[in-house]
Amino acid sequence: MGLLDYNLIMTVTINGTYNQFLVSLSILIAIIASYAALSLNERLYHSGLIHPYFWIGLASLTMGAGIWSMHFIAMSAYQLGVPMTYDPILTILSVLPAIFAALLAFWMVYYRKRKYLHMLIAAMIMGIGIASMHYLGMEAMRIPNVTMDYHAGYVFLSIILAVAISLIALLILINQPERMKFLNKVAIASLLGFGISSMHYTGMYATSFEADPVVLEAQGTHELFGILISSVVVGVLAIVFFSIFSTMFDRQLKRRLELYDPLTNLPNRKVFNQQMNQFKNMNEIGLAVIHLHDLDTINNKYSYQQGDETIKVLIDLIKQAYRQIFSRREFLIYRISNQKIGVIASEFTISKKLGVFSKDLINRCQSETVAGLNVSVALASKPKTTKDALELVDQAYAVINTKGLDLINDFAFYQGTTHSEGLREKLLERLRLIEYDEELVVKYQPKIANHSNDFIGVEALIRWNDRQLGFISPGQFIPIAEKTGDIHPITLWLIEHVCKQIKEWQWAGFDVGKVAINLSNRTLIEDTFVVDVERIIEKYQVNPSLLEFEITESSIIEEEKVALMTMKSLRELGATIALDDFGTGFSSLTYLRKLPIDKMKIDKSFLEGVIEDSLAQQFLTEVIDLGSTLSLGVVIEGVEEVEELDIIRQTSADEIQGFYFGKPISAHELMDWNTSYQEKLLN
């Protein structure tokens, strides 16, 4: 063979160099794509108004495109110094295995496939998919007179790395919390980004390029690489931007529907309550509740479209009357229930203006030809009907409930004595129809140790948000429920709810201490009450010592023997018994001494005038000492001022409860409150 023939078949290995900027860019793209995918995966827990499949698809597209982008930027970083192009079809097709691998991962996350065998099989499929994307992309390269060869060992290692990365990603995603902290998310995204990059560069290391020496004389151009890099970077950033925008849009849309009525675009009951709370300290504030009659009849007789149209017309008329009478430019109009619209106004001579507004609105409604536009307007104002602005809602509802059909196309102001009996009758009716899990809410008020400042327990307080009447204060419905006997099933529901909540707190690692529950006299004399309590405790496996039952003096008087037996039985279970509202009942000291109780709660009335009256301070101290003498724990309730707290600190009281430390809040809010309270103690 001649020298010329030898040169024709001789090849040399091309050793390229890496552009460090492009290497860094490729890793950054992988990290960004991983971060975006983690963020999108959170939407599977809070899918909001957009179907979870949308987030699965978008997360898969983002992750797959991110891996694909990283791959081609990394390939561009490896510069051989020879002319190079890409096969467009193979280049585009190479993204599909990466998207498929990501789709498989997010599908498993959504359906919670936690079995290790399932995850291992999925990781293998995903790893092969990622490796397929890499090597298919490599095959898309077109280099004249240059051939590629692969080192089998390193190829196998790159596939193993892809499988391992896929398995790690699955474990992270499936066990990802609903809300991941930003730094944790960045750390995990960095781990995944470096892992994906390591697989690619291992695959690149497994590849060797063989070329004819003549080819090496020509210097390659990387213009195509510049175009490809720009396109890839712009594409992946566009996907990441769209994913972030979609997440923000979904959250805003969900928030919008949580706060606004979709039919009328008016703020809903939640915003209404917030607004009323903000206005509570104003001197003159008025409320009009407009009730649209027979909406169900309109829907059934005509159509739901007609019913919706009637509501929209009513809103327009309310706005016209509002603009005509009130000076405020911003509409304070709210859809507080299906058939009720709330209108708030805060102006001088508010009572007079409310009357003029109501008359004007009724005239407008009667002039309309829309079917079924019959309304009642209930009015309440501060200071005319109450000194407490937060009572205006109850008063307006009382007007509607009392007047009923007599108020159609008319208006009326609240008058306390006139409406109290009507409200009682309405409550009797609603108590029979109460939906416990839907309408009853439990709030928890913290208790603090007097001398150590430790958070040691809560009192569980029940609230009722009726579907028709709205929020009903405990002072209104509990006395009626006691007379009708409905208080017993309500109390059992409360105890079960509390036990379930205690268990959830324990799972979350939150030690809330004792939970106090109020018992009425009707509950104390129920034959099966103690058995029912024992059944609930066993059902949720709750330590009875975590329960504290509060009983008033008056609840024991009527059926003393039965009540005392119930109290003793509850103590034998391991629960604590506290005497509530001490000082407001009728018992003598001898009677108090024989009660089977562990604690006494001194009524908040003992704090009246205690700040400036030394005699009141001495009396409070002596009552507290009385409890200590009887070996009872002493709880002071109703503490609102720091001056009251300073006085109580000097006594032997054991526990403190009141708005100074915290108002009644939900179980979730209590955990946040505790975190904040513990931080204050440390500071």
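- Of the possible polar contacts, none joining the Glu439 side chain to the Tyr436 backbone as a donor-acceptor pair under 3.5 Å is found.
- Within a 6.0 Å radius of CZ in Phe619, other residues, nucleotides and ligands contribute 12 heavy atoms or fewer.
- A distance of 11.5 Å separates CG in Leu620 from CG in Asp613, rounded to the nearest 0.5 Å.
- Residues Leu607 and Gly638 approach most closely at CD1-O, 3.6 Å, considering heavy atoms.
- Salt-bridge check for Lys539 with Glu496: passed, with a basic side-chain N closer than 4.0 Å to an acidic carboxylate O.
- Heavy atoms of other residues, nucleotides or ligands lying less than 6.0 angstrom from NZ of Lys503 number more than 12.
- Contact detail for His451 and Ser652: the closest heavy-atom pair is NE2-CA, 4.3 Å.
- Between Phe455 and Lys447, the closest heavy-atom pair is CD1-O, 3.5 Å.
- Between the side chains of Gln650 and Asp646, no donor-acceptor pair is found at a separation under 3.5 Å.
- Each of Lys663, Gln657, Glu459 was checked for a side-chain hydrogen bond (donor to acceptor under 3.5 Å, both in side chains) with Gln445, and the lone residue meeting it is Gln657.
- The neighbour count for Met565 CE, taken as heavy atoms of other residues, nucleotides or ligands under 6.0 Å away, does not exceed 12.
- Looking at Phe279, Tyr260, Tyr334 one by one, the single match for ring pair (Phe, Tyr, Trp, His ring centres under 6.0 Å) with Phe272 turns out to be Tyr334.
- Minimum heavy-atom separation, Gln476 to Asp394: OE1-OD2, 4.0 Å.
- Nearest heavy atoms, Tyr540 versus Cys499: CD1-CB, 4.0 Å.
- Taking the centre of each ring, Tyr444 and Trp673 stay at or above the 6.0 Å mark.
- To the nearest 0.5 Å, atoms CG (Asp603) and CD (Glu608) are separated by 8.5 Å.
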